[in-house]
Amino acid sequence: MSELPEILNTREAADYVRLSKPTLERFRCSGDGPKFLKLSDAAVRYRRRDLDAWIASRLVSSTSEVPHAA
């Protein structure tokens with residue numbers, strides 16, 4: 001399997017973080033998701049390093065640490 005590119009489309013980003021595409025899109029609208037690039041009206045892209053940072057920011061040790069339900 002080839003390495004993923006640095007810039008991912010929404011489907012690739014959703015696969016990378018193991019979420020559905022609609023969930024990632026919903027997070028994008030609510031502001032709960034990872035940072036993204038808006039290249040045009042229809043072109044949204046994600047950088048792998050931003051996805052990794054978002055994943056790391058969600059790391060908790062117990063359920064009491066979760067600030068809000070996603």
Side-chain angles (χ1 to χ4, degrees):
M1 183 174 165
S2 64
E3 186 177 327
L4 284 173
E6 170 62 21
I7 305 297
L8 308 174
N9 65 30
T10 303
R11 165 56 52 213
E12 293 166 333
D15 289 346
Y16 186 75
V17 299
R18 305 294 197 261
L19 293 172
S20 70
K21 185 175 177 259
T23 296
L24 192 57
E25 290 167 339
R26 188 174 67 249
F27 282 175
R28 189 167 66 226
C29 291
S30 69
D32 291 330
K35 291 181 180 180
F36 60 93
L37 304 163
K38 184 77 167 159
L39 302 178
S40 72
D41 287 342
V44 173
R45 299 293 184 265
Y46 295 85
R47 298 183 302 186
R48 275 190 296 138
R49 67 176 171 249
D50 293 328
L51 296 170
D52 291 337
W54 179 73
I55 290 168
S57 76
R58 315 264 311 168
L59 187 63
V60 297
S61 297
S62 76
T63 56
S64 63
E65 292 180 38
V66 179
H68 63 283

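Using a 4.5 Å cut-off between side-chain heavy atoms of Ile, Leu, Val, Met, Phe, Trp and Tyr, L37 falls into a hydrophobic cluster with I7, L39.
Qualifying side chain to side chain contact (heavy atoms under 4.5 Å, CB included) partners for T23, counting only residues two or more places apart in sequence or in other chains: L19, S20, R26, F27. Every side chain to side chain contact (heavy atoms under 4.5 Å, CB included) that S57 has, sequence neighbours left out, goes to W54. With sequence neighbours left out, K35 forms a salt bridge (Lys or Arg N to Asp or Glu O under 4.0 Å) with no residue at all. In this structure R47 satisfies the salt bridge (Lys or Arg N to Asp or Glu O under 4.0 Å) test together with D50, sequence neighbours excluded. In terms of the side chain to side chain contact (heavy atoms under 4.5 Å, CB included) criterion, residue partners of D15 (sequence neighbours excluded) are, by chain and number, R11.
Listed here is the closest heavy atom pair of D32 and R58: O-NH1, 3.8 Å.
Side-chain atoms of N9 and R45, non-hydrogen and from C-beta on, do get closer than 4.5 Å to each other.
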request  = Let me see the working for L24 and Y46 under side-chain contact (heavy atoms from CB on, under 4.5 Å), right down to the final yes or no.
outcome  = CA-CA 11 Å; L24 192 57; Y46 295 85; 3.7 Å; yes
